[in-house]
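The chain is numbered in sequence order, starting from 1.
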Amino acid sequence: QVQLVESGGGLVQAGGSLRLSCAASGRTLSTYTIGWFRQAPGKERDFVAAINWSGDNTYYAASVKGRFTVSRDNAKNTVYLQMNSLKPEDTAVYYCAAGGQLGTRPNEYNYWGQGTQVTVSS
């Protein structure tokens, strides 16, 4: 079992940046693909980005490609989501999740954090 904790969310103006962190305890993250998802009120949980266990393969949703960057530091057991040029439509609760494959669907991931709120004001 791996426990995931997200941090780094907050309130930012449009055009600003935030860096989210996903820290693990219980087991090493180094063997897992990590995905980032987000969920706005009344909407489904959507895929944002994912990174494979070694960090040499990443995948992004079209809506964030070129603005968001996912990275990992396995020595620190942490995965990051750098979010630049934020827009009001990026407002959501952001979750990290651990799984075995570089997937885009929530059911492809086994372990989830509790989420961190990101609010982008216009």
Side-chain angles (χ1 to χ4, degrees):
Q1 181 105 10
V2 59
Q3 290 82 42
L4 303 174
V5 178
E6 302 94 338
S7 61
L11 173 64
V12 64
Q13 288 188 330
S17 298
L18 284 173
R19 188 177 80 157
L20 306 183
S21 297
C22 173
S25 61
R27 289 186 65 177
T28 179
L29 271 185
S30 62
T31 60
Y32 291 97
T33 287
I34 300 299
W36 285 96
F37 291 79
R38 65 187 182 186
Q39 189 166 20
K43 295 189 176 181
E44 294 184 350
R45 191 166 295 189
D46 291 332
F47 171 77
V48 175
I51 186 167
N52 72 333
W53 69 272
S54 63
D56 62 358
N57 194 8
T58 58
Y59 188 70
Y60 297 91
S63 59
V64 306
K65 195 169 186 179
R67 299 188 297 124
F68 291 11
T69 302
V70 60
S71 62
R72 66 191 303 158
D73 185 339
N74 286 339
K76 295 183 177 179
N77 227 20
T78 303
V79 175
Y80 304 98
L81 185 68
Q82 178 68 43
M83 306 186 297
N84 299 328
S85 302
L86 282 161
K87 305 175 181 179
E89 51 262 44
D90 294 317
T91 295
V93 177
Y94 283 70
Y95 300 89
C96 66
Q101 303 295 326
L102 199 67
T104 63
R105 295 173 295 182
N107 63 9
E108 294 178 285
Y109 293 83
N110 305 108
Y111 306 103
W112 291 82
Q114 83 290 347
T116 185
Q117 177 71 46
V118 171
T119 303
V120 184
S121 63
S122 57

Joint cluster assignment, [X] & [Y], ILVMFWY side-chain distance < 4.5 Å:
X: Phe68; Y: Leu102; answer: no
X: Tyr94; Y: Leu18; answer: yes
X: Val12; Y: Val64; answer: yes
X: Trp36; Y: Ile51; answer: yes

Item to check | Full working for side chain to side chain contact (heavy atoms under 4.5 Å, CB included) between Thr69 and Tyr80 | outcome: CA-CA 8 Å; Thr69 302; Tyr80 304 98; over 6 Å; no

For [X] and [Y], which heavy atoms make the closest approach, and how far apart are they?
X: Pro88; Y: Ser122; result: CG-CB, 3.8 Å
X: Asn84; Y: Ser17; result: OD1-OG, 2.9 Å
X: Leu20; Y: Met83; result: CG-CE, 3.8 Å
X: Thr116; Y: Gly9; result: OG1-N, 3.2 Å
X: Val93; Y: Gln117; result: CG2-OE1, 3.2 Å
X: Thr91; Y: Ala40; result: O-CB, 3.9 Å

Checklist entry - Counting only heavy atoms not in Trp112, do more than 12 sit closer than 6.0 Å to its CH2 atom? => result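 Yes - once you tally the heavy atoms of other residues, nucleotides and ligands closer than 6.0 Å, there are more than 12.
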
Checklist entry - So which pairs with a foot in residues 105-114 pass salt bridge (charged side-chain N to carboxylate O under 4.0 Å, His left out), sequence neighbours left out? => result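 For residues 105-114, and leaving out neighbouring residues, the salt bridge (charged side-chain N to carboxylate O under 4.0 Å, His left out) pairs sorted by first residue read Arg105-Glu108.
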
Please check: side-chain N/O of [X] versus main-chain N/O of [Y], any donor-acceptor pairing under 3.5 Å?
X: Asn74; Y: Asn77; result: no
X: Thr78; Y: Lys76; result: yes
X: Arg67; Y: Ser85; result: yes
X: Arg38; Y: Val118; result: no
X: Glu6; Y: Gln114; result: yes

Taking the side chain as every heavy atom from C-beta outward, state whether [X] and [Y] have any pair of such atoms under 4.5 Å apart.
X: Gln39; Y: Pro106; answer: no
X: Tyr95; Y: Leu4; answer: no
X: Ile34; Y: Tyr109; answer: no

Next on the checklist: side chain to side chain contact (heavy atoms under 4.5 Å, CB included) for Val120 and Glu89? Distances and angles first, verdict last.
Outcome noted: CA-CA 8 Å; Val120 184; Glu89 51 262 44; over 6 Å; no

Item to check | Thr33 OG1 to Asn57 CG distance, which is reported to the nearest 0.5 Å | outcome: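 It comes to 8.5 Å.
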
Item to check | Rounded distance [0.5 Å steps], OG in Ser30 versus CZ in Arg72 | outcome: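 Answer rounded to 0.5 Å: 7.5 Å.
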
Next on the checklist: Phe47: which residues meet the ring-ring contact (aromatic ring centres under 6.0 Å, His included) condition with it, sequence neighbours left out?
Outcome noted: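 Residues passing ring-ring contact (aromatic ring centres under 6.0 Å, His included) with Phe47: Phe37, Tyr59.
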
